[in-house]
Amino acid sequence: MEKIVEINNVTFYYEGSDTPAISSINLSINRGEFVLITGPSGCGKSTLCRLLNGLIPHFYSGKLIGEVIVKGYNTKETPTHILARHVGMVFQNPENQLFLSSVEKEIIFGLENLGLPREEIKRRLNEVIELFHLENIINKAPYELSGGEQQKVAIAAVVAMKPEILVLDEPTSNLDPLSAQEILSLVKELNREMQMTIIIVEHRLDLLCKHVNRIIVMNKGKIIYNGTPNDLFNQYNLEKLGINIPKVIEAYLRLKKRKILQNNEIPLSPEDFAKLVKREFYRVR
Amino acid sequence: MIAIEVKNLYFAYSAEEYVLKNINLIVNEGERVAIIGENGAGKTTLIKHFNGLLKPTKGYVKILGKDTRRHSVAELSRHVGIVFQNPEHQFFAETVEKEVAFALENFGYPKDEIEKRVNYILKYFDLQKYRDKSPFNLSEGEKKRLAIASILVYDPEILVLDEPTTGQDAIQKRKIAEIIKRLSEKGRTIIVVTHDIEFVVELFDRVIVMAEGRIIADGPTREVITNYEIIKRARLLPPQINICARLLEDLGIPSNIITVSELVEEITKVYER
Amino acid sequence: MSVRIDLFKGFQFKYRETIVHKLDPRTKGLYVIICTIIALMYTSPIPILLTFITSIILVLLSRVTKEWIGTMKSIALLSIFIFIVNYFTAPYEKLNFAVTMTLRLLTLTSTFSVFFLTTSPEDFSLALLKLGVPYEYTLIFNMAIRFVPTLARDLQTVIDAQKSRGLELEKGNIMQRIRRMIPILVPLLVFEIKRSIMIAEALEARAFGALKNRTYYYEIRMKKIDWILSVIMVLTFVILIVLQLMNILPEWFYWRIPM
């Protein structure tokens with residue numbers, strides 16, 4: 001497994017701040033992984049994301065201690081526009097990621113910036129239209145799109161640049177539940193079909209925990225948990241973590257306490273939960 | 001007494017199509033109601049009618065008996081406090097104290113009354129330590145609390161919260177739920193616009209569902225939320241627990257369960273059989 | 001209120017499939033420049049009126065009459081004001097002076113209006129690019145246009161939030177009303193500054209500024225008709241100037257309104 005992101009003992013102070021936003025972060029991510037980062041507001045998740053494409057330290061000045069290596073590039077020494085080829089970033093508010101007057105122009109924008117020849121741009125545009133089913137909205141302006149569509153376009157515009165890593169910072173915060181589900185399915189597909197390494201910051205664990213390889217929980221600038229979803233929900237004093245525990249898992253844990261359900265694998269979705277209950281039931285029968 | 005009465009409300013911004021169609025609604029004093037639906041269904045447009053920001057194109061809206069067409073926003077706001085989704089759309093003062101006092105000054109409260117109320121509300125929301133700080137320096141959760149505090153400081157009979165839990169983490173959600181529960185106990189009427197189904201299940205006995213400018217359901221939470229047709233039309237997801245219950249129907253689990261406790265109890269019952 | 005909106009409507013691009021719309025922005029720009037020069041050069045009504053008429057012809061050809069009328073209506077008040085002021089301040093030939101000034105305003109408004117009604121902001125900025133304006137500036141221009149409705153919406157949101165806290169914008173004298181703008185302007189300013197930071201982050205994430213020679217996927221090209229029209233316009237203008245200098249233009253051309 002190839003390490004594609006290495007964060008070595010990183011501490012970062014924003015300009016003018018005495019307390020670090022993140023401290024002593026040690027983290028490595030392998031190619032093709034699907035990683036979820038979560039934690040209470042202000043825990044440093046967004047800061048961590050911005051290490052990955054060089055926004056820290058190039059866009060946000062401050063003191064960066066330690067090393068961040070992405071695809072072999074040291075982010076301190078590499079300008080953002082080079083890192084942007086390898087790390088695509090999608091932000092929370094779709095409105096602030098769509099600057100031009102049509103979906104088509106938006107997708108082409110990043111490719112123009114990369115200096116790709118026209119034929120290549122045209123090819124990638126068509127690829128992305130097919131992949132994301134953008135045929136019906138390709139000529140629409142951003143304000144004509146729903147929140148979910150806008151975010152889809154933002155992701156498409158970034159994916160067109162063919163980064164190996166995709167970082168998403170709370171991409172579904174402003175979306176209704178169904179749109180959120182659609183976007184997260186899309187991201188899952190990108191990981192599975194295109195082997196993109198995905199790093200996503202989210203509060204909505206219920207929609208994601210079944211699909212991710214790893215969950216990282218942060219608090220007050222530090223990583224307090226780094227492991228599989230299963231181990232997370234099995235071992236920890238979850239209340240203290242300040243994360244949104246999916247109801248299904250809550251139900252399972254309470255039944256486990258009553259010794260009604262026992263299992264190595266924690267059910268991470270209603271379907272898994274139902275399968276588990278039925279199995280136990282028929283076994284006991 | 002009736003807190004909010006909406007009758008045959010139609011609303012359009014211009015000569016184009018109606019954004020709200022045939023809304024009929026009664027909320028009694030002391031009730032706690034959630035309004036759910038997809039973005040663009042008209043939820044925010046509807047609540048703007050509650051303090052007169054928008055006036056009906058057809059039909060009427062009465063707040064505590066007052067027809068909104070005959071009163072100004074300032075007058076109606078005394079009785080209906082609306083906390084909008086993004087606190088940063090309202091912060092302007094140099095200090096948290098001044099921010100909280102703003103509404104009281106606008107309503108013409110005397111200075112000593114203002115001081116009393118500001119002190120009280122800052123303590124209530126655990127914001128005293130930020131009294132002289134800039135609102136812009138607060139954390140996300142604190143900003144949300146400040147926004148709510150700046151409305152509750154004048155203690156309106158009716159409180160409307162627009163998407164209070166969007167983007168909030170678990171701890172913040174819990175705090176907001178606490179605030180709502182306490183206000184309810186004091187007899188205030190509370191209306192929350194949200195698309196957070198789990199939040200609705202936790203706090204609200206009555207749910208109104210909107211889609212495409214209409215009310216498509218209005219009733220007890222359990223009934224409405226387990227109606228998948230309605231939920232789908234509103235572009236929402238059913239509560240996880242309910243999905244589990246449905247998958248376990250053939251084990252004898254009732255299909256209208258919505259809370260964790262209920263599911264745990266029912267499964268225990270089956271197990272003990 | 002409606003005056004403001006109608007004025008803006010007349011300068012907002014309206015998509016139509018007409019010859020005028022399809023012309024290269026540079027051709028139309030040349031038209032506006034020539035009209036402006038003529039309008040400012042002459043001090044008698046006839047040349048300016050003729051120019052004004054050409055703009056009306058273009059409006060009809062490009063089927064944007066409704067929007068154009070909206071603009072012209074909204075400067076009607078201003079025109080009357082200009083007329084009156086100039087009439088009373090002119091040292092001699094009062095009527096002539098007033099009419100000329102008013103016609104100038106009308107002509108300039110009309111020709112600029114036609115330009116913006118028939119030229120999309122994208123084509124406009126592509127033209128600027130071809131004329132040597134650095135890409136960053138044309139992008140700023142495009143983004144400004146794209147975000148205007150967003151800003152308008154944010155303004156309304158802030159107004160709603162503050163009105164809901166009892167702020168009454170219509171009450172009080174001038175000084176009070178200005179003070180009451182503070183709770184509107186401060187949140188709006190802070191919010192938009194934050195927004196612009198987020199936009200900047202997103203631009204970085206799309207490799208903006210990576211290369212000096214970025215690709216330009218879209219292009220505007222001068223077609224045959226553009227060249228023909230441009231040549232005609234320049235020739236007409238040159239001939240006009242030459243005839244002017246040689247004093248061969250007919251009397252009625254210079255006719256000044258008596259009194």
Side-chain angles (χ1 to χ4, degrees), chain A residues 46 49-50 52-56 58-60 79-102 104-122 124-125 139 141-144 154 157-158 160-161 163 166-167 169, chain C residues 12-15 17 116 119-126 129 134-154 156-157 190-221:
Chain A
S46 289
C49 280
R50 281 156 176 75
L52 299 172
N53 72 345
L55 281 175
I56 293 175
H58 304 291
F59 187 79
Y60 289 100
T80 6
H81 60 80
I82 298 214
L83 293 170
R85 285 166 211 262
H86 304 284
V87 184
M89 196 170 287
V90 175
F91 303 87
Q92 186 175 339
N93 193 338
E95 185 127 59
N96 300 337
Q97 299 172 91
L98 305 179
F99 337 104
L100 302 173
S101 54
S102 78
E104 183 182 281
K105 293 198 177 81
E106 205 61 58
I107 295 171
I108 286 176
F109 179 68
L111 304 173
E112 285 179 324
N113 290 334
L114 292 178
L116 298 175
R118 242 205 213 110
E119 307 78 50
E120 178 67 18
I121 294 184
K122 193 162 176 108
R124 293 202 191 185
L125 172 67
N139 288 315
Y143 66 83
E144 293 178 284
V158 166
M161 295 167 70
L166 186 62
V167 181
D169 188 0
Chain C
Q12 213 178 28
F13 174 63
K14 273 270 161 308
Y15 178 76
E17 302 243 336
F116 286 109
T119 309
S120 71
E122 290 85 45
D123 283 351
F124 180 58
S125 54
L126 282 172
L129 204 59
Y135 175 69
E136 291 80 38
Y137 295 103
T138 64
L139 182 64
I140 292 175
F141 173 73
N142 276 322
M143 280 173 55
I145 293 186
R146 172 255 179 284
F147 278 102
V148 160
T150 306
L151 249 116
R153 201 190 56 208
D154 286 342
Q156 188 61 56
T157 306
V190 172
F191 192 79
E192 298 306 335
I193 290 176
K194 287 200 175 162
R195 184 193 282 286
S196 57
I197 294 177
M198 293 193 269
I199 293 174
E201 278 191 327
L203 281 170
E204 290 280 328
R206 302 254 214 103
F208 179 66
L211 302 170
K212 283 249 175 267
N213 303 329
R214 70 192 297 280
T215 314
Y216 294 100
Y217 185 80
Y218 301 100
E219 249 199 349
I220 46 166
R221 288 217 188 101

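So you know, we letter chains A, B, ... as the sequences are listed, proteins then strands, and number each from 1.
- With a threshold of 4.5 angstrom between heavy atoms, C:Glu204 approaches chain A through its backbone and through its side chain.
- Distance alone, capped at 3.5 Å, places no donor-acceptor pair between the C:Arg206 side chain and the A:Ala84 backbone.
- For the atom pair OG of A:Ser101 and CG of C:Asn142, the computed distance is 6.5 Å after rounding to the nearest 0.5 Å.
- Looking only at side-chain heavy atoms (C-beta outward), C:Leu203 and A:Phe59 stay at 4.5 Å or farther from each other.
- Residues C:Phe208 and A:Thr80 fail the side-chain proximity criterion, which asks for heavy atoms closer than 4.5 Å.
- The contact between C:Ile197 and chain A is made by backbone and side chain atoms together, counting heavy-atom distances below 4.5 Å.
- Nearest heavy-atom pair, C:Ala205 versus A:Asn53, reported as atom, atom and distance to 0.1 Å: CB-ND2, 4.2 Å.
- The side-chain heavy atoms of C:Thr215 and A:Leu114, taken from C-beta on, include no pair separated by under 4.5 Å.
- Heavy-atom distances place the side chain of C:Phe147, and not its backbone, under 4.5 Å from chain A.
- Within a 6.0 Å sphere centred on NZ of C:Lys194, heavy atoms belonging to other residues, nucleotides or ligands number more than 12.
- Of the listed residues (C:Met143, C:Arg153, C:Arg195, C:Met198), the greatest number of heavy-atom pairs within a distance under 4.5 Å of chain A belongs to C:Arg195.
- If you measure heavy-atom distances from A:Glu106 to chain C, the contacts under 4.5 Å come from both the backbone and the side chain.
- C:Glu122 contributes atom CD, which lies 8.0 Å from atom CG of A:Leu100 (distance to the nearest 0.5 angstrom).
- C:Arg146 touches chain A through its side chain: at least one heavy atom from C-beta onward sits under 4.5 Å away, while N, CA, C and O do not.
- For A:Leu98, the parts lying near chain C are the backbone and the side chain together; criterion is any non-hydrogen pair under 4.5 Å.
- Note: A:Asn96 leads A:Val167, A:Asn96, A:Leu111, A:Leu116 in heavy-atom pairs under 4.5 Å with chain C.
- Between C:Glu201 and A:Phe91 the shortest side-chain heavy-atom distance falls below 4.5 Å.
- For A:Glu112 (side chain) and C:Tyr217 (main-chain N/O), a donor-acceptor pair under 3.5 Å exists by modelled atom type.
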